[in-house]
Amino acid sequence: MEKVLTDGSWVASISAIEVNITSEYKPDLGWKVMCNWQTLDNDTLQSVRLYNNGQQFMIYRPEKHGHSRNEIFNTPEKKISVNCALTKDRGQEGFCNLLLEPYQPPTSNFIYSCEVSGERPMFRIGRKDVSVKILVPPSNAEIVTDEIREHHELPSRVMLNCSSTGLPAPNLEWTVNNDKQMLERLVAPQVTKVKIMDIFLPNFDPDGSIDISEWCQDISTAMNHYELKDYEVRMKVMSLL
């Protein structure tokens, strides 16, 4: 903010340097951070400083770097490509664009700041921050169809593969004719109930080598393993005695 004299008193005016900074995600590229500024008509650009989470990593001075400056910074997490340029005489308008290309998915949000300073004697300063969130919008789902033929006949099975990318990883959900329950019925595993008549249980022989306790244990094991009903087991056992 800047103070001006009005009717014999000092009052605050609007910011002397207008700074705007925005960000957006570019598919297959990364995050783009865009900073632009506009100084007062009687001012001249002195410098633009760029910050990552409060740490300055680049300064652009027109008197040193000329009409523009392009740099690439490599960090363990990402590559930062910076393009700064003037669009009006004396640097009264210009921009600094950053392209953030992650080498691996980031684990937290990060804040980028753009600080613009005017020339002496006022050294007016404008600064804006933007929080770049790690959310990556999911890409359009892509479905690949693969027909599986057996013995050179008509396709007997069709395999569908659906894929999408994003951060966090997208949740994919299948439907058939916009009916999720229909799909669940189609893909649910078929459970075949074991019938009591299909299970072999030995007859009990009082004169045999297996006593009654061992025979009862075998019956209980079969009952639990095949999830037999108590009534079915009782009827089966009665026929074996």
Side-chain angles (χ1 to χ4, degrees), residues 15-40 43-120 123-144 160-173:
S15 177
I17 297 182
E18 181 181 353
V19 179
N20 294 301
I21 184 170
T22 59
S23 69
E24 64 175 322
Y25 179 76
K26 294 288 188 180
D28 302 323
L29 290 178
W31 288 272
K32 186 176 183 180
V33 178
M34 296 153 286
C35 171
N36 58 76
W37 65 85
Q38 181 177 359
T39 71
L40 295 179
D43 206 349
T44 300
L45 178 67
Q46 194 261 356
S47 66
V48 179
R49 300 172 187 267
L50 302 177
Y51 299 82
N52 179 12
N53 289 333
Q55 298 292 321
Q56 178 181 309
F57 67 92
M58 177 177 152
I59 181 171
Y60 167 48
R61 295 181 184 272
E63 65 178 4
K64 177 180 178 181
H65 302 106
H67 185 76
S68 63
R69 181 182 181 187
N70 298 302
E71 296 288 349
I72 294 179
F73 302 90
N74 290 292
T75 71
E77 299 82 16
K78 57 184 172 292
K79 180 175 76 171
I80 307 175
S81 302
V82 183
N83 174 29
C84 295
L86 309 180
T87 58
K88 193 174 181 180
D89 291 342
R90 298 164 54 194
Q92 293 176 346
E93 293 182 15
F95 64 85
C96 279
N97 292 336
L98 291 71
L99 181 61
L100 317 176
E101 303 175 68
Y103 297 129
Q104 55 189 358
T107 57
S108 61
N109 300 336
F110 34 89
I111 297 177
Y112 279 86
S113 307
C114 182
E115 182 181 279
V116 181
S117 175
E119 268 292 2
R120 61 179 70 85
F123 290 108
R124 300 180 177 94
I125 293 178
R127 173 170 172 154
K128 287 288 181 66
D129 306 326
V130 64
S131 177
V132 180
K133 301 187 180 299
I134 63 172
L135 175 67
V136 177
S139 63
N140 293 331
E142 180 181 356
I143 298 180
V144 178
L160 301 178
N161 181 39
C162 178
S163 61
S164 176
T165 60
L167 187 68
N171 181 33
L172 302 179
E173 183 177 281

Could you grab the distance from atom [atom1] of [X] to atom [atom2] of [Y], nearest 0.5 Å is fine?
| X | Y | atom1 | atom2 | value |
| --- | --- | --- | --- | --- |
| Leu98 | Lys78 | CG | NZ | 10.5 Å |
| Ile17 | Leu45 | CD1 | CG | 7.5 Å |
| Lys32 | Asn97 | NZ | CG | 5.0 Å |

Is the shortest heavy-atom distance from the side chain of [X] to the side chain of [Y] under 4.5 Å?
| X | Y | result |
| --- | --- | --- |
| Thr22 | Val130 | no |
| Leu100 | Phe110 | yes |
| Leu50 | Tyr60 | no |
| Arg127 | Tyr51 | yes |
| Tyr112 | Asn52 | yes |
| Gln92 | Gln38 | no |

Counting distance only, does the side-chain N/O of [X] pair as donor-acceptor with the main-chain N or O of [Y] below 3.5 Å?
| X | Y | value |
| --- | --- | --- |
| Thr87 | Glu93 | yes |
| Trp37 | Ser117 | no |
| Arg69 | Ile59 | yes |
| Asn53 | Ile111 | yes |
| Glu119 | Asp43 | no |

*asked:* How about CD on Glu24, more than 12 heavy atoms from neighbouring residues, nucleotides or ligands closer than 6.0 Å, or not?
replied: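 Above 12, so yes.
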| request: Tell me, yes or no, whether the heavy-atom count around Asp89 atom CG, taken from other residues, nucleotides or ligands under 6.0 Å, exceeds 12. | output: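 No - once you tally the heavy atoms of other residues, nucleotides and ligands closer than 6.0 Å, there are 12 at most.
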Q) For Cys96 and Cys84, is the interatomic SG distance under 2.5 angstrom? A)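 Yes, because the SG atoms of Cys96 and Cys84 sit under 2.5 Å apart, which meets the disulfide cut-off.
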Could you tell me which non-hydrogen atom of [X] sits nearest to which non-hydrogen atom of [Y], and how far apart they are?
| X | Y | value |
| --- | --- | --- |
| Pro102 | Gly30 | CD-CA, 4.2 Å |
| Cys114 | Val19 | O-CG1, 3.9 Å |
| Ile21 | Asp129 | CG2-O, 3.6 Å |
| Pro62 | Leu86 | CB-CD1, 4.1 Å |

Please determine whether side chain to side chain contact (heavy atoms under 4.5 Å, CB included) holds for the pair Phe95 and Asn83, giving the CA-CA distance in whole Å, both sets of side-chain angles, and the decisive distance to 0.1 Å. CA-CA 8 Å; Phe95 64 85; Asn83 174 29; 3.7 Å; yes
Please evaluate residues Thr44 and Thr39 with respect to the criterion side chain to side chain contact (heavy atoms under 4.5 Å, CB included), reporting the C-alpha separation (whole Å), side-chain torsions for both, the decisive distance (0.1 Å), and the verdict. CA-CA 7 Å; Thr44 300; Thr39 71; over 6 Å; no
I'd like to know if the side chain of Tyr103 pairs up with that of Asn74 as donor and acceptor (distance under 3.5 Å, no hydrogens or angles considered).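 Side chains of Tyr103 and Asn74: pair found under 3.5 Å.
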> Run the side chain to side chain contact (heavy atoms under 4.5 Å, CB included) check on Ser81 and Glu101 step by step: do they pass?
Replying inline: CA-CA 8 Å; Ser81 302; Glu101 303 175 68; 3.8 Å; yes
